[in-house]
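Predicted model only: the values in this text are computed from it and were never measured. Reminder, nothing fancy here: chain letters follow the sequence lines and each chain counts from 1.
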Number of protein chains: 2
Amino acid sequence: MNDSDGGGGRAARPRRADARRNEKTLLDAAAAVFVASGVDAPVRDIAAKAGVGTATIYRHFPTRADLIIAVYRHQVEACAEAGPALLASGATPYAALERWIGLFVDFLVTKHGLAAVLRSDDAGFDALHAYFLDRLVPVCARLLDAAAAAGEIRSDIPAIQLMRGVGNLCIGAEHDPDYDARRLAGLLIAGLRLPR
Amino acid sequence: MNDSDGGGGRAARPRRADARRNEKTLLDAAAAVFVASGVDAPVRDIAAKAGVGTATIYRHFPTRADLIIAVYRHQVEACAEAGPALLASGATPYAALERWIGLFVDFLVTKHGLAAVLRSDDAGFDALHAYFLDRLVPVCARLLDAAAAAGEIRSDIPAIQLMRGVGNLCIGAEHDPDYDARRLAGLLIAGLRLPR
DNA sequence: TTGCTAAACGGGACGTTGTTCCGTATCGTC
DNA sequence: GACGATACGGAACAACGTCCCGTTTAGCAA
């Protein structure tokens, strides 16, 4: 358990320069290929795009989930941080919830195949599920609590269920333009409203 | 298009007895394997269960979609016929819609992987999409129209969108018992309600 | 009953993809 | 400049969908 460079001892040894370079190259290549072919793109394609061997991918990102997380981490963080910001922005909690769900949907539908893989029961994607849920469910829960406290919505739907539902609504939205995930998600949220 | 034994010409020639027998055997085997391993089960597994070669499956059911349709046709028909029945059963149109969606969800969540495949963009599943949509969307549309005419719901959501949304909500519902597709679908429908 | 032909069959062959292994090249240090 | 650990590349293996081809068999007629 050498703490490579963290708080305590100085680095046991930093990663080699070529390794760090390849990781960056791989992230860029993966991002490009994900856009072009979806997050299910063949490993060989990503390796080819990056100009490395397939084993190099597995060395840096043991599972596909690790690669996906690394590629989209920034955007997920941004989405998570938008939650409290929206809540503080002055609108009603319900409006904040509605807009935040919109952000989440927009993120998912622009990542081909991500919503689907988020629903996969493949054990290899457990890390991906865990990351998304850990990072976003608490944010959603805060928005739900605020709206419930304001008497705008019912309070008997757990945040995790809602997130799963919204995520599911985004599956396959990237093709056929007749499918409007955002609208359906809005409908789902509207279903939470209490009559006043 | 040959009317094998129907009204017009006498049969060009009826299918061989072993072929008919194998088709039945395959349907039974597929149904069993689908229950055990989902509708994505390897072709070889189904063939083995039926005691036939893999080519025999492709001969009878050129695409997986054809096999799935054949296995579930009865249940889809039953669901389609339940729509008008519910509408005539005396409750409000909205209640009928709600219950019919419940039937649809119950059907989907008990067929491992079917909801997911219904969302696949693989061209091989086009026939499956078409069948489900052709058969069920008109039923849903009638329920929606009735409820809209009664002033219970808004009328600006096409039936096909709603069906897609509900179908999506059912994806992955077969595992983790914490996910309640039926409840979320109910929420989606509730989102259609008009304030009175 | 026996022989013929088209229908149907079975399993092996091929292509694609994920994953792992092993010999080789390279980095960083002495 | 030499050495050891690190990292690399591509071949090898396994699982699966799909297709092909040589063989078997049902159905019919002589």
| note | note: B:D122, atom CG; D:dC16, atom C1'; distance rounded to Å ~ 14 Å
| query | Which letter, B, S or -, goes with each nucleotide of nucleotides 12-19 of chain C from 5' to 3', with contact meaning a protein heavy atom under 4.0 Å? | reply | BB---BBB
| field | Backbone N/O of A:H112 and side chain of A:E174: donor-acceptor pair under 3.5 Å | value | no
| Should we count NE2 of B:H175 as having more than 12 external heavy atoms under 6.0 Å? | yes
| message | With a 4.0 Å limit, can you tell me whether A:H60 has a side-chain N or O closer than that to the phosphate oxygens OP1/OP2 of D:dC8? | response | yes
| Does B:E77 have any salt bridge (Lys or Arg N to Asp or Glu O under 4.0 Å) partners at least two apart in sequence or in another chain, and if so, which? | B:R135
| query | Tell me: CD1 of A:I57 to P of C:dT20, nearest whole Å? | reply | 14 Å
| said: On the six-membered ring of B:F104, is B:R182 placed so that its NZ or CZ lies under 6.0 angstrom from the centre and within 45° of the ring axis? | reply: no
Let me check something: any side-chain donor-acceptor pairs from residues 37-54 of chain A under 3.5 Å, sequence neighbours excluded? List them with distances.
none

| query | Base, sugar-phosphate alone, or nothing: which one does B:G51 contact when heavy atoms must sit under 4.0 Å apart? | reply | sugar-phosphate
| task | Can you sort out the partners of A:R20 under salt bridge (Lys or Arg N to Asp or Glu O under 4.0 Å), two or more places apart, ordered by chain and number? | result | none
| Donor-acceptor pair present, A:R59 side chain and D:dG9 base, under 3.5 Å | yes
| field | DNA chain C contacts made by residues 16-29 of chain B, counting heavy atoms under 4.0 Å | value | B:R16, B:D18, B:A19, B:N22
| remark: Taken in chain and number order and not counting sequence neighbours, the residues that satisfy salt bridge (Lys or Arg N to Asp or Glu O under 4.0 Å) with A:D28 are A:K24
| request: Would you check if there is a donor-acceptor pair between the side chains of A:T25 and A:N22 at a distance under 3.5 Å? | output: no
